[in-house]
**Student:** 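Sharing a structure here in structure tokens format.
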Amino acid sequence: MATPLSADKLLKALRDEGLHVVEHRSWRTNNRNHKGPWGPTHGVMIHHTVTSGTSSSVELCYNGHSALPGPLCHGVIAKDGTVYLVGNGRANHAGLGDDDVLRAVIAEKALPPDNEANTDGNRHFYGFECVNLGDGKDPWPAAQLLAIERTSAAVCRAHGWSERSVIGHLEWQPGKVDPRGFSMNGMRGRVAKRLGGAPDGPSDPPPRPTYEPFPGSAFFKVGRNSAIVTAMGKRLVAEGCGRYTVGPGPAWSEADRKSYAAWQRKLGYTGGDADGIPGKTSWDRLKVPNV
């Protein structure tokens, strides 16, 4: 039985293993803990995204979609080997799986065939989605495979687990095929070898950008509470576009939307292009300080 790693400990474990890690938006508080328990944790589960493109894949895994709310994993592993952290806590990635498989993971024994879906995996597994179409044709670059190896080893090392605690989604839930394109037995062999030595890191954290990266239009919705919203509001006021009676503050509001619409109009946008929902071009021109 293992207590889940804190956000700081997970980040440190990954960087100590030599990984380049990007903290995406408010990943530390992005979870599904209100829908069920998180922990005890027993293993690491590897998936493929069935998508292409790093930015869109990361946003999808952070936000989820109408049928499956995010986060859809804890981290996204890009083709260049960068790990984007998108969730901390319970995440919608594993679904129901085989209780015999879970017992084997806990005992760190060879996995039995997965022929049942009767156990909550979201409670017990860290999930990492790897950017790949999953069609058996999309290549797996060496840098990405190395990052999968390092990520798996980092979590196992932090918990004192062996490579037997690393499984693929296809080994957990009947009917799943991910990750498609490499062998989980082969990956476990790589993880075992890595765990036999010292970690590669730590890697140097990337420098913080001067301005806040565009968080995506879906970020700006009722219920969003973030320092990014406050920083945006202050810039809108500085540009003469503030439409606030109080604030600005961290909670996205109608006043924020009206203020941003004023900024869009100042830039020359009209009609539906000045609806008050930020887009990347107008956001980049606003130059919101990094928070």
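Since the model is a prediction, treat every value here as computed from it, not as a measurement.
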**Student:** Under a 4.0 Å N-O cut-off, is there an ion pair linking R123 with D120?
**Tutor:** no
**Student:** Just so I know, are the side chains of L111 and I167 near enough to count as touching, which here means a heavy-atom distance under 4.5 Å?
**Tutor:** yes
**Student:** Over all heavy atoms of both residues, which pair between D99 and N118 is shortest? Give the atoms and the distance, please.
**Tutor:** N-OD1, 3.2 Å
**Student:** Under a 4.0 Å N-O cut-off, is there an ion pair linking R28 with E23?
**Tutor:** yes
**Student:** Walk me through whether L72 and N92 qualify under side chain to side chain contact (heavy atoms under 4.5 Å, CB included).
**Tutor:** CA-CA 5 Å; L72 304 184; N92 275 333; 4.2 Å; yes
**Student:** One thing to verify: whether R190 and E149 come together as a salt bridge, which I'm taking to mean a side-chain N less than 4.0 angstrom from a carboxylate O.
**Tutor:** yes
**Student:** Does this structure show an ion pair linking E17 with K12, if we count only N-O contacts that are shorter than 4.0 Å?
**Tutor:** no
**Student:** Check the hydrophobic clustering (I, L, V, M, F, W, Y; side-chain heavy atoms under 4.5 Å; chains of links allowed) and say if V291 and V229 are grouped together.
**Tutor:** yes
**Student:** If we only count heavy atoms from C-beta on, is the T41 to W161 side-chain gap below 4.5 Å?
**Tutor:** yes
**Student:** Has W172 got a side-chain atom pairing as donor or acceptor with G95's backbone, closer than 3.5 angstrom?
**Tutor:** yes
**Student:** Assess the residue pair I46 and F182 against the criterion (side chain to side chain contact (heavy atoms under 4.5 Å, CB included)); give the C-alpha distance rounded to whole Å, side-chain angles, the decisive distance to 0.1 Å, and a yes or no.
**Tutor:** CA-CA 11 Å; I46 304 299; F182 66 89; 4.3 Å; yes
**Student:** Can you name the closest pair of heavy atoms from L96 and Q173 and give their distance?
**Tutor:** O-NE2, 2.7 Å
**Student:** For the pair R180 and D135, find out whether any cationic side-chain nitrogen is under 4.0 Å from an anionic carboxylate oxygen.
**Tutor:** no
**Student:** Distance check, rounded to the nearest 0.5 Å: D114 atom CG versus E171 atom CD?
**Tutor:** 7.5 Å
**Student:** Would L68 end up clustered with V86 when hydrophobic side chains under 4.5 Å apart are linked, directly or stepwise?
**Tutor:** no
**Student:** So, does R188 use its side chain to make a donor-acceptor pair with the main chain of R164 at under 3.5 Å?
**Tutor:** no
**Student:** Can you see whether H159 engages Y126 through a side-chain donor-acceptor pair at a distance of less than 3.5 angstrom?
**Tutor:** yes
**Student:** Can a side-chain donor-acceptor contact be found between T49 and E129 if the only test is distance below 3.5 angstrom?
**Tutor:** no
**Student:** Given side chain to side chain contact (heavy atoms under 4.5 Å, CB included), test Y244 with K258 step by step and report yes or no.
**Tutor:** CA-CA 9 Å; Y244 303 96; K258 289 180 178 179; over 6 Å; no
**Student:** Test your reading of the model: is there a side-chain donor-acceptor pair from N290 to the backbone of T210, 3.5 Å cut-off?
**Tutor:** no
**Student:** Between E239 (side chain) and L236 (backbone), is there a donor-acceptor pair under 3.5 Å?
**Tutor:** no
**Student:** With a 3.5 Å cut-off and no angle check, do the side chains of S6 and D8 form a donor-acceptor pair?
**Tutor:** no
**Student:** Rounded at 0.5 Å granularity, tell me how far CG in D178 sits from NE2 in H169.
**Tutor:** 5.5 Å
**Student:** Any side-chain heavy atom of V50 sitting closer than 4.5 Å to one from H48?
**Tutor:** yes
**Student:** Applying side chain to side chain contact (heavy atoms under 4.5 Å, CB included) to D284 and Y211, what does each step give before you reach the verdict?
**Tutor:** CA-CA 8 Å; D284 289 346; Y211 302 115; over 6 Å; no
**Student:** Got a salt bridge between K79 and D138, using NZ or NE/NH1/NH2 to carboxylate O under 4.0 Å?
**Tutor:** yes
**Student:** Closest approach of A261 and A274, non-hydrogen atoms and distance?
**Tutor:** CB-O, 3.6 Å
**Student:** Using 0.5 Å steps for rounding, measure from the SG atom of C61 to the CH2 atom of W27.
**Tutor:** 15.0 Å
**Student:** Is it true that the side chains of S253 and D256 contain a donor and an acceptor less than 3.5 Å apart?
**Tutor:** yes
**Student:** Which pair of non-hydrogen atoms, one from H124 and one from G39, has the smallest distance, and what is that distance?
**Tutor:** ND1-C, 4.5 Å
**Student:** Would you find a donor on one side and an acceptor on the other, under 3.5 Å apart, between the side chain of S217 and the backbone of P278?
**Tutor:** yes
**Student:** Report yes or no: do L133 and L170 belong to one cluster of Ile/Leu/Val/Met/Phe/Trp/Tyr joined by side chain heavy-atom distances under 4.5 Å?
**Tutor:** no
**Student:** Which atom names give the shortest non-hydrogen contact between G127 and C73, and what distance separates them?
**Tutor:** O-CB, 3.4 Å
**Student:** Strictly distance-based, threshold 3.5 Å: is any side-chain N or O of Q264 a donor or acceptor partner for the main-chain N or O of D275?
**Tutor:** yes
**Student:** Without swapping roles, check the side chain of S259 against the backbone of A255 for a donor-acceptor pair under 3.5 Å.
**Tutor:** yes
**Student:** Out of curiosity, I77 CD1 to T151 OG1, how far, rounded to the nearest 0.5 Å?
**Tutor:** 4.0 Å
**Student:** Are the side chains of L85 and L10 in touch, meaning some heavy atoms are under 4.5 Å apart?
**Tutor:** yes
**Student:** How many angstroms lie between SG in C130 and CD1 in I148, if you round to the nearest 0.5 Å?
**Tutor:** 3.5 Å
**Student:** What verdict does the salt bridge (charged side-chain N to carboxylate O under 4.0 Å, His left out) test give for D16 and R157, after you've listed the backbone C-alpha separation in whole Å, the side-chain angles of each residue and the deciding distance to 0.1 Å?
**Tutor:** CA-CA 10 Å; D16 282 353; R157 200 187 298 276; over 6 Å; no
**Student:** Just wondering, do P141 and D80 contact through their side chains at under 4.5 Å, heavy atoms?
**Tutor:** no
**Student:** Just wondering, do P40 and H42 contact through their side chains at under 4.5 Å, heavy atoms?
**Tutor:** yes
**Student:** Using a 6.0 Å cut-off, check whether atom NZ of K234 has over 12 heavy atoms from anything other than its own residue.
**Tutor:** no
**Student:** Taking C-beta and beyond as the side chain, do P174 and E116 meet within less than 4.5 Å on heavy atoms?
**Tutor:** no
**Student:** List the steps, then state whether ring pair (Phe, Tyr, Trp, His ring centres under 6.0 Å) holds for Y260 with W252.
**Tutor:** CA-CA 11 Å; Y260 204 92; W252 175 258; 7.6 Å; no
**Student:** Can a donor-acceptor pair be found, under 3.5 Å and without considering hydrogens, that links the side chain of E163 to the backbone of G189?
**Tutor:** no
**Student:** Is there a continuous path of hydrophobic side-chain contacts, each under 4.5 Å between heavy atoms, that joins V58 to L60?
**Tutor:** no
**Student:** Under 6.0 Å between ring centres, would you say that holds for W38 and F125?
**Tutor:** no
**Student:** What about the rings of Y269 and W263, do their centers lie closer together than 6.0 Å?
**Tutor:** no
**Student:** May I ask you to establish whether R25 and Y62 are in a cation-pi arrangement, using a distance under 6.0 Å from NZ or CZ to the six-membered ring centre and at most 45° from the ring axis?
**Tutor:** yes
**Student:** Taking atom types as modelled, find out whether Q144 and W140 have a side-chain donor-acceptor pair closer than 3.5 angstrom.
**Tutor:** no
**Student:** Given side-chain hydrogen bond (donor to acceptor under 3.5 Å, both in side chains), test N185 with S183 step by step and report yes or no.
**Tutor:** CA-CA 5 Å; N185 281 331; S183 161; 4.9 Å; no
**Student:** Measure from the side-chain N and O atoms of R235 to the backbone N and O of L286, and report whether any donor-acceptor pair falls under 3.5 Å.
**Tutor:** yes
**Student:** Establish, from distance only, whether the side-chain atoms of Y84 and S57 form a donor-acceptor pair under 3.5 Å.
**Tutor:** no
**Student:** Using 0.5 Å steps for rounding, measure from the CG atom of L14 to the CZ atom of F128.
**Tutor:** 5.5 Å
**Student:** Could you see if V21 belongs to whatever hydrophobic cluster contains L146? Use Ile, Leu, Val, Met, Phe, Trp, Tyr and a side-chain cutoff under 4.5 Å.
**Tutor:** no
**Student:** With respect to H93, which candidate in H74, R32, H47 satisfies the side-chain hydrogen bond (donor to acceptor under 3.5 Å, both in side chains) definition?
**Tutor:** H47
**Student:** Report yes if the side chains of M45 and V166 come closer than 4.5 Å at any heavy-atom pair, otherwise no.
**Tutor:** no
**Student:** If you compare all heavy atoms of V131 against all heavy atoms of S52, which two are closest, and at what distance to 0.1 Å?
**Tutor:** CG1-CA, 4.3 Å
